[in-house]
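Report on one structure; see the data block that follows.
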Amino acid sequence: MPEGPEVETVRRTLAPLVTGARLGVATVSTLPLRTPITGADLAFLAGRVVSDVGRRGKTLWLRVGGDADDGTAGDDHDGIVVRLGMTGQLTVTATSLPVLPHTHVRVPLVDARGVPTGTELRFRDPRRFGEVVPFRGSAGLAGLCAGLGPDGLALDDDDRAAVAGALRQTARAIKEALLDQRVVAGVGNIYAAEACFLAGLAPTRKGTSLTRAEATRLVEGVEETLAQGVLHRGTSFSDYVDASGDIGDNARHLFVFQREGEPCRRCGTTIARIVQGARSTFWCPHCQRRRR
DNA sequence: CCACTCCTGCGT
DNA sequence: ACGCAGGAGTGG
(Lines give C-alpha, C1' and ligand atoms only; values in the text may rest on other atoms or scores of the structure.)
Protein backbone atom coordinates (compact mmCIF):
# COMPACT_ATOMS: atom_id res chain seq x y z
CA MET A 1 0.00 0.00 0.00
CA PRO A 2 -0.01 2.88 0.23
CA GLU A 3 1.96 3.72 3.33
CA GLY A 4 1.67 6.97 5.28
CA PRO A 5 2.93 9.25 2.49
CA GLU A 6 0.63 7.71 -0.10
CA VAL A 7 -2.38 7.89 2.21
CA GLU A 8 -1.51 11.49 3.06
CA THR A 9 -1.32 12.28 -0.66
CA VAL A 10 -4.75 10.71 -1.15
CA ARG A 11 -6.04 12.80 1.76
CA ARG A 12 -4.63 16.02 0.35
CA THR A 13 -5.98 15.39 -3.14
CA LEU A 14 -9.32 14.07 -1.93
CA ALA A 15 -10.12 16.83 0.56
CA PRO A 16 -10.72 19.65 -1.95
CA LEU A 17 -12.81 17.33 -4.14
CA VAL A 18 -15.26 16.22 -1.46
CA THR A 19 -15.19 18.63 1.47
CA GLY A 20 -18.53 20.43 1.56
CA ALA A 21 -20.03 18.03 -0.98
CA ARG A 22 -23.24 16.13 -0.30
CA LEU A 23 -23.25 12.34 -0.64
CA GLY A 24 -25.88 10.22 -2.37
CA VAL A 25 -26.81 6.58 -2.02
CA ALA A 26 -23.77 4.28 -1.90
CA THR A 27 -23.58 1.08 -3.88
CA VAL A 28 -21.44 -1.82 -2.70
CA SER A 29 -20.23 -4.87 -4.65
CA THR A 30 -20.95 -8.39 -3.45
CA LEU A 31 -17.33 -9.48 -3.09
CA PRO A 32 -16.27 -9.14 0.54
CA LEU A 33 -13.55 -6.73 1.61
CA ARG A 34 -11.42 -7.41 4.69
CA THR A 35 -14.39 -6.22 6.71
CA PRO A 36 -17.51 -7.20 4.73
CA ILE A 37 -20.14 -4.48 4.30
CA THR A 38 -23.38 -4.00 2.36
CA GLY A 39 -25.07 -0.93 0.93
CA ALA A 40 -27.29 -0.83 4.01
CA ASP A 41 -24.22 -0.28 6.19
CA LEU A 42 -23.50 2.94 4.26
CA ALA A 43 -27.13 4.13 4.00
CA PHE A 44 -26.55 6.70 6.77
CA LEU A 45 -24.27 8.63 4.38
CA ALA A 46 -27.04 9.61 1.97
CA GLY A 47 -27.86 13.31 2.21
CA ARG A 48 -24.94 14.07 4.50
CA VAL A 49 -22.23 16.63 3.77
CA VAL A 50 -18.52 15.77 4.00
CA SER A 51 -17.04 17.87 6.77
CA ASP A 52 -13.49 16.60 7.01
CA VAL A 53 -10.99 14.21 5.44
CA GLY A 54 -8.48 12.98 8.00
CA ARG A 55 -5.69 10.48 8.45
CA ARG A 56 -3.59 8.78 11.06
CA GLY A 57 -0.89 6.42 9.89
CA LYS A 58 -2.39 4.47 6.99
CA THR A 59 -5.96 4.96 8.26
CA LEU A 60 -7.96 7.53 6.27
CA TRP A 61 -11.41 8.81 7.15
CA LEU A 62 -14.22 10.99 5.86
CA ARG A 63 -16.58 12.54 8.38
CA VAL A 64 -20.04 13.81 7.53
CA GLY A 65 -22.28 16.43 9.13
CA GLY A 66 -25.98 17.19 8.99
CA ASP A 67 -28.80 14.67 8.98
CA ALA A 68 -29.45 11.74 6.69
CA ASP A 69 -32.04 11.74 3.89
CA ASP A 70 -34.08 9.10 5.68
CA GLY A 71 -34.69 11.53 8.54
CA THR A 72 -32.48 9.86 11.12
CA ALA A 73 -30.54 12.43 13.12
CA GLY A 74 -26.87 12.67 12.22
CA ASP A 75 -23.91 13.02 14.51
CA ASP A 76 -20.92 15.14 13.48
CA HIS A 77 -18.74 12.19 14.34
CA ASP A 78 -20.28 9.80 11.82
CA GLY A 79 -18.29 8.76 8.78
CA ILE A 80 -16.27 6.07 7.08
CA VAL A 81 -12.75 4.81 7.55
CA VAL A 82 -10.93 3.70 4.42
CA ARG A 83 -7.88 1.43 4.57
CA LEU A 84 -6.21 0.83 1.24
CA GLY A 85 -4.48 -2.45 2.08
CA MET A 86 -2.00 -3.39 -0.65
CA THR A 87 -3.89 -2.38 -3.77
CA GLY A 88 -6.68 -0.05 -2.70
CA GLN A 89 -7.50 3.12 -4.64
CA LEU A 90 -9.83 5.87 -3.45
CA THR A 91 -10.68 8.29 -6.24
CA VAL A 92 -13.17 10.93 -7.26
CA THR A 93 -14.15 10.12 -10.82
CA ALA A 94 -16.57 11.40 -13.45
CA THR A 95 -19.58 9.11 -13.22
CA SER A 96 -19.49 8.76 -16.99
CA LEU A 97 -16.07 7.11 -16.96
CA PRO A 98 -15.95 3.30 -17.15
CA VAL A 99 -16.14 1.53 -13.82
CA LEU A 100 -12.92 -0.48 -13.65
CA PRO A 101 -12.96 -4.11 -12.49
CA HIS A 102 -12.60 -4.54 -8.71
CA THR A 103 -14.50 -1.35 -7.92
CA HIS A 104 -16.27 -2.22 -4.67
CA VAL A 105 -17.84 0.98 -3.38
CA ARG A 106 -19.34 3.92 -5.30
CA VAL A 107 -20.81 7.01 -3.65
CA PRO A 108 -22.27 9.67 -5.93
CA LEU A 109 -21.88 13.35 -5.08
CA VAL A 110 -25.22 15.17 -5.22
CA ASP A 111 -26.54 18.71 -4.95
CA ALA A 112 -28.85 20.07 -2.24
CA ARG A 113 -31.85 18.56 -4.02
CA GLY A 114 -30.23 15.18 -4.30
CA VAL A 115 -29.49 15.50 -8.02
CA PRO A 116 -26.19 13.82 -9.04
CA THR A 117 -23.44 16.30 -9.93
CA GLY A 118 -21.70 13.92 -12.31
CA THR A 119 -18.84 12.78 -10.08
CA GLU A 120 -18.56 9.98 -7.59
CA LEU A 121 -16.26 8.60 -4.92
CA ARG A 122 -14.93 5.16 -5.89
CA PHE A 123 -13.07 2.55 -3.87
CA ARG A 124 -11.27 -0.02 -6.00
CA ASP A 125 -9.14 -2.85 -4.62
CA PRO A 126 -8.16 -5.91 -6.69
CA ARG A 127 -6.75 -7.93 -3.78
CA ARG A 128 -9.44 -6.85 -1.32
CA PHE A 129 -7.02 -6.51 1.62
CA GLY A 130 -8.42 -3.03 2.10
CA GLU A 131 -11.72 -1.98 3.61
CA VAL A 132 -14.35 0.71 3.96
CA VAL A 133 -15.70 0.71 7.51
CA PRO A 134 -18.60 2.88 8.70
CA PHE A 135 -18.43 4.51 12.14
CA ARG A 136 -21.13 6.28 14.13
CA GLY A 137 -20.29 8.71 16.90
CA SER A 138 -16.94 9.89 18.25
CA ALA A 139 -16.19 6.60 19.94
CA GLY A 140 -16.45 4.88 16.57
CA LEU A 141 -13.49 6.57 14.91
CA ALA A 142 -11.41 6.38 18.07
CA GLY A 143 -12.05 2.65 18.20
CA LEU A 144 -10.93 2.20 14.62
CA CYS A 145 -7.68 4.03 15.40
CA ALA A 146 -7.07 2.25 18.68
CA GLY A 147 -3.62 0.77 18.91
CA LEU A 148 -2.03 3.14 16.43
CA GLY A 149 1.12 4.81 17.65
CA PRO A 150 1.97 8.43 16.90
CA ASP A 151 1.74 9.43 13.24
CA GLY A 152 5.21 9.35 11.70
CA LEU A 153 4.44 12.45 9.63
CA ALA A 154 3.47 14.53 12.65
CA LEU A 155 5.81 13.63 15.51
CA ASP A 156 6.42 16.11 18.31
CA ASP A 157 9.37 15.91 20.67
CA ASP A 158 7.53 13.69 23.13
CA ASP A 159 6.58 11.33 20.32
CA ARG A 160 10.16 11.21 19.06
CA ALA A 161 11.39 10.24 22.49
CA ALA A 162 8.67 7.62 22.82
CA VAL A 163 9.39 6.06 19.43
CA ALA A 164 13.13 6.01 20.04
CA GLY A 165 12.53 4.46 23.45
CA ALA A 166 10.23 1.79 22.05
CA LEU A 167 12.78 0.90 19.39
CA ARG A 168 15.52 0.53 22.00
CA GLN A 169 13.33 -1.78 24.05
CA THR A 170 12.37 -4.34 21.46
CA ALA A 171 14.34 -7.49 20.81
CA ARG A 172 13.12 -7.47 17.23
CA ALA A 173 15.17 -6.36 14.25
CA ILE A 174 14.74 -2.63 13.79
CA LYS A 175 13.27 -2.92 10.32
CA GLU A 176 10.58 -5.29 11.58
CA ALA A 177 9.88 -3.07 14.58
CA LEU A 178 9.32 -0.11 12.27
CA LEU A 179 6.52 -2.05 10.56
CA ASP A 180 4.65 -2.29 13.88
CA GLN A 181 1.94 0.39 13.68
CA ARG A 182 1.81 0.57 17.49
CA VAL A 183 5.39 1.88 17.53
CA VAL A 184 4.93 4.53 14.86
CA ALA A 185 1.96 4.71 12.51
CA GLY A 186 2.34 5.04 8.76
CA VAL A 187 5.62 3.24 8.09
CA GLY A 188 5.43 0.27 5.71
CA ASN A 189 7.87 -1.93 3.86
CA ILE A 190 9.24 0.79 1.58
CA TYR A 191 9.85 3.50 4.15
CA ALA A 192 11.08 1.13 6.88
CA ALA A 193 13.96 0.09 4.63
CA GLU A 194 14.60 3.67 3.56
CA ALA A 195 14.68 4.87 7.18
CA CYS A 196 17.30 2.27 8.08
CA PHE A 197 19.38 3.42 5.12
CA LEU A 198 19.15 7.09 6.08
CA ALA A 199 20.17 6.20 9.64
CA GLY A 200 23.12 4.14 8.40
CA LEU A 201 21.90 1.11 10.33
CA ALA A 202 21.73 -2.51 9.20
CA PRO A 203 18.06 -3.54 9.12
CA THR A 204 18.90 -6.66 11.09
CA ARG A 205 20.14 -4.75 14.13
CA LYS A 206 18.22 -5.65 17.27
CA GLY A 207 16.39 -2.75 18.82
CA THR A 208 18.08 -3.45 22.12
CA SER A 209 21.50 -3.01 20.49
CA LEU A 210 20.83 0.62 19.51
CA THR A 211 22.59 3.42 21.30
CA ARG A 212 20.51 6.45 22.15
CA ALA A 213 22.17 8.32 19.30
CA GLU A 214 21.39 5.51 16.84
CA ALA A 215 17.75 5.36 17.88
CA THR A 216 17.49 9.11 17.47
CA ARG A 217 19.00 8.84 14.01
CA LEU A 218 16.52 6.13 13.10
CA VAL A 219 13.56 8.27 14.14
CA GLU A 220 15.03 11.14 12.12
CA GLY A 221 15.37 8.75 9.20
CA VAL A 222 11.70 7.79 9.51
CA GLU A 223 10.63 11.41 9.48
CA GLU A 224 12.92 12.31 6.60
CA THR A 225 11.87 9.46 4.34
CA LEU A 226 8.16 9.95 5.04
CA ALA A 227 8.43 13.67 4.37
CA GLN A 228 10.26 13.02 1.12
CA GLY A 229 7.53 10.57 0.15
CA VAL A 230 4.85 13.21 0.62
CA LEU A 231 6.97 15.81 -1.20
CA HIS A 232 7.03 13.55 -4.26
CA ARG A 233 3.34 12.64 -3.92
CA GLY A 234 3.94 9.02 -2.97
CA THR A 235 5.64 5.95 -4.40
CA SER A 236 3.86 4.25 -7.30
CA PHE A 237 5.14 0.81 -8.26
CA SER A 238 1.95 -0.74 -9.50
CA ASP A 239 -1.43 0.20 -8.10
CA TYR A 240 -1.04 3.35 -6.07
CA VAL A 241 -2.76 6.49 -7.34
CA ASP A 242 -4.02 9.61 -5.56
CA ALA A 243 -7.65 10.74 -5.43
CA SER A 244 -7.38 12.22 -8.92
CA GLY A 245 -5.93 9.01 -10.32
CA ASP A 246 -2.40 10.41 -10.65
CA ILE A 247 0.68 8.35 -9.79
CA GLY A 248 3.40 9.51 -7.40
CA ASP A 249 6.96 10.32 -8.30
CA ASN A 250 8.85 9.06 -5.25
CA ALA A 251 10.09 5.74 -6.67
CA ARG A 252 12.92 7.50 -8.44
CA HIS A 253 14.06 9.05 -5.17
CA LEU A 254 14.34 5.82 -3.18
CA PHE A 255 17.78 4.75 -2.01
CA VAL A 256 17.27 1.01 -1.54
CA PHE A 257 13.70 -0.25 -1.94
CA GLN A 258 13.36 -2.55 -4.96
CA ARG A 259 16.90 -1.68 -6.04
CA GLU A 260 18.50 -5.11 -5.54
CA GLY A 261 21.54 -5.46 -7.79
CA GLU A 262 21.70 -1.75 -8.56
CA PRO A 263 24.47 0.53 -7.29
CA CYS A 264 23.97 2.43 -4.06
CA ARG A 265 23.31 6.08 -4.77
CA ARG A 266 25.75 7.06 -2.03
CA CYS A 267 28.67 4.63 -2.40
CA GLY A 268 28.11 2.48 -5.48
CA THR A 269 27.99 -0.80 -3.56
CA THR A 270 25.46 -3.26 -4.93
CA ILE A 271 22.15 -3.06 -3.08
CA ALA A 272 21.25 -6.37 -1.42
CA ARG A 273 17.93 -8.06 -0.64
CA ILE A 274 17.22 -10.19 2.40
CA VAL A 275 13.99 -11.59 3.85
CA GLN A 276 12.80 -10.55 7.29
CA GLY A 277 9.47 -11.72 8.66
CA ALA A 278 8.56 -13.09 5.24
CA ARG A 279 9.02 -9.68 3.65
CA SER A 280 11.78 -8.31 1.46
CA THR A 281 14.27 -5.89 2.95
CA PHE A 282 16.61 -3.94 0.69
CA TRP A 283 19.79 -2.39 2.06
CA CYS A 284 23.30 -1.20 1.28
CA PRO A 285 25.85 -3.47 3.00
CA HIS A 286 28.41 -0.67 2.98
CA CYS A 287 26.41 2.39 4.06
CA GLN A 288 24.59 0.22 6.60
CA ARG A 289 27.62 -1.69 7.93
CA ARG A 290 26.78 -3.41 11.13
CA ARG A 291 28.45 -1.79 14.08
CA ARG A 292 28.14 -3.60 17.40
C1' DC B 1 9.52 -15.85 17.57
C1' DC B 2 7.70 -18.22 12.91
C1' DA B 3 4.22 -19.87 9.53
C1' DC B 4 0.33 -19.17 7.41
C1' DT B 5 -3.91 -16.70 5.90
C1' DC B 6 -6.80 -13.44 3.29
C1' DC B 7 -6.79 -12.16 -2.55
C1' DT B 8 -5.50 -10.93 -7.64
C1' DG B 9 -2.12 -9.94 -11.07
C1' DC B 10 2.27 -9.64 -13.12
C1' DG B 11 6.90 -10.88 -14.44
C1' DT B 12 10.11 -14.66 -15.19
C1' DA C 1 4.13 -23.08 -12.88
C1' DC C 2 6.12 -20.19 -9.43
C1' DG C 3 7.60 -16.29 -6.85
C1' DC C 4 6.59 -11.99 -5.57
C1' DA C 5 3.87 -7.64 -4.39
C1' DG C 6 3.08 -1.16 -0.77
C1' DG C 7 -0.89 -4.77 4.80
C1' DA C 8 -2.45 -6.94 8.73
C1' DG C 9 -4.30 -10.58 11.48
C1' DT C 10 -4.30 -15.29 13.58
C1' DG C 11 -2.66 -19.34 15.76
C1' DG C 12 1.12 -22.28 17.26
Side-chain angles (χ1 to χ4, degrees), chain A residues 1-11 29-37 55-60 81-90 100-104 123-133 143-149 151-153 169-197 203-208 222 225-226 228-230 232-242 246-261 273-282:
Chain A
M1 144 168 67
E3 305 182 25
E6 289 73 38
V7 178
E8 173 61 14
T9 303
V10 171
R11 192 197 67 75
S29 76
T30 53
L31 290 171
L33 300 171
R34 167 179 279 284
T35 300
I37 56 165
R55 179 195 63 83
R56 177 153 161 200
K58 305 171 193 173
T59 297
L60 181 78
V81 150
V82 178
R83 296 199 177 98
L84 300 177
M86 293 279 253
T87 54
Q89 302 173 334
L90 185 67
L100 296 174
H102 310 294
T103 298
H104 299 108
F123 177 73
R124 173 172 187 263
D125 185 3
R127 290 178 75 179
R128 284 185 280 127
F129 290 171
E131 58 189 358
V132 174
V133 186
L144 290 168
C145 293
L148 291 180
D151 186 273
L153 278 160
Q169 275 178 18
T170 181
R172 288 182 293 178
I174 56 173
K175 188 266 184 169
E176 294 186 68
L178 287 174
L179 295 178
D180 186 339
Q181 301 302 297
R182 295 171 299 186
V183 174
V184 54
V187 178
N189 210 37
I190 297 174
Y191 298 100
E194 295 293 315
C196 292
F197 175 86
T204 49
R205 285 279 298 275
K206 302 292 184 198
T208 48
V222 166
T225 190
L226 293 180
Q228 179 195 266
V230 173
H232 298 297
R233 302 170 47 87
T235 304
S236 294
F237 276 110
S238 52
D239 299 280
Y240 166 72
V241 294
D242 69 18
D246 295 327
I247 63 173
D249 197 33
N250 195 51
R252 75 169 89 193
H253 300 279
L254 298 175
F255 286 99
V256 291
F257 187 79
Q258 288 224 334
R259 298 196 63 240
E260 181 184 17
R273 173 183 173 271
I274 57 175
V275 174
Q276 293 180 282
R279 311 196 64 187
S280 290
T281 300
F282 300 87

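Per chain, numbering begins at 1; letters A, B, ... match sequence-line order.
Separating the CZ atom of A:Arg83 from the P atom of C:dG7 is a distance of 14 Å, rounded to the nearest angstrom. To the nearest angstrom, C1' of C:dG7 lies 12 Å from CD1 of A:Ile190. The separation between A:Gln89 atom CD and C:dG7 atom P is 16 Å, rounded to whole Å. Counting to the nearest Å, the P atom of C:dG7 and the OH atom of A:Tyr191 are 10 Å from each other.
At a non-hydrogen distance threshold of 4.0 Å, A:Gln181, A:Gly188 from residues 180-188 of chain A come into contact with DNA chain C. Remark: nothing in residues 169-176 of chain A comes within less than 4.0 Å of DNA chain C through any heavy atom.
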Taking it one step at a time, do A:Val275 and A:Thr281 satisfy side chain to side chain contact (heavy atoms under 4.5 Å, CB included)?
CA-CA 6 Å; A:Val275 174; A:Thr281 300; over 6 Å; no
For A:Thr87 and A:Asp239, what are the C-alpha separation, side-chain angles and deciding distance, and is it a side chain to side chain donor-acceptor pair (under 3.5 Å)?
CA-CA 6 Å; A:Thr87 54; A:Asp239 299 280; 5.3 Å; no
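Along DNA chain B, the stretch of nucleotides lying under 4.0 Å from any heavy atom of chain A spans, 5' to 3', B:dC1 to B:dG9.
Taking the P atoms as reference points, B:dA3 lies 15 Å from C:dG3, given to the whole Å. The same atom, P, is picked in B:dC4 and in C:dC4; the two are 14 Å apart, to the nearest Å. Of the P atoms belonging to B:dT5 and C:dC2, the separation is 15 Å, rounded to the nearest Å.
Stems are defined here as 3 or more consecutive Watson-Crick or G-U wobble pairs with pairing distances under 3.5 Å; those involving DNA chain C are B:1-6 with C:7-12, B:8-12 with C:1-5.
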Between the protein and nucleotides 2-5 of chain C, are there any N/O to N/O pairs under 3.5 Å, and if so, what are the atom names and distances?
| from | atom 1 | to | atom 2 | distance (Å) |
| --- | --- | --- | --- | --- |
| C:dA5 | OP1 | A:Ser280 | OG | 2.3 |
| C:dA5 | N3 | A:Arg127 | NH1 | 3.1 |

Quick test: give all pairs of protein nitrogen or oxygen and nucleotides 10-12 of chain C nitrogen or oxygen below 3.5 Å, distance rounded to 0.1 Å.
none

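Using modelled atom types, one finds no donor on one side chain facing an acceptor on the other under 3.5 Å when comparing A:Glu194 with A:Thr225.
Partners of A:Phe123 according to the ring pair (Phe, Tyr, Trp, His ring centres under 6.0 Å) rule, which considers only residues two or more places apart in sequence or in another chain, do not exist here. For A:Thr204, the side chain to side chain contact (heavy atoms under 4.5 Å, CB included) criterion is met by A:Ala202, A:Ile274, A:Gln276, A:Arg290, not counting sequence neighbours. When the ring pair (Phe, Tyr, Trp, His ring centres under 6.0 Å) test is applied to A:His232, the partners found at least two apart in sequence or on another chain are A:His253. Taking A:Phe255 as the reference, A:Phe197 meet the ring pair (Phe, Tyr, Trp, His ring centres under 6.0 Å) condition, with sequence neighbours excluded. Under the side chain to side chain contact (heavy atoms under 4.5 Å, CB included) criterion, A:Val230 pairs with A:Pro5, A:Glu8, A:Arg12, A:Leu153, not counting sequence neighbours.
A:Asp125 comes within contact range of no nucleotide atom at all, as no heavy-atom separation falls under 4.0 Å.
The base of C:dG6 is not paired with the side chain of A:Thr87 by any donor and acceptor separated by under 3.5 Å.
For C:dG6, the OP1/OP2 oxygens have no side-chain nitrogen or oxygen of A:Lys58 closer than 4.0 Å.
Enclosure of atom CG in A:Leu148 by more than 12 non-hydrogen atoms of other residues, nucleotides or ligands within 6.0 angstrom is indicated.
Applying the salt bridge (Lys or Arg N to Asp or Glu O under 4.0 Å) test to residues at least two apart or on different chains, the pairs with a partner in residues 177-192 of chain A are A:Arg172-A:Asp180, A:Asp180-A:Arg182.
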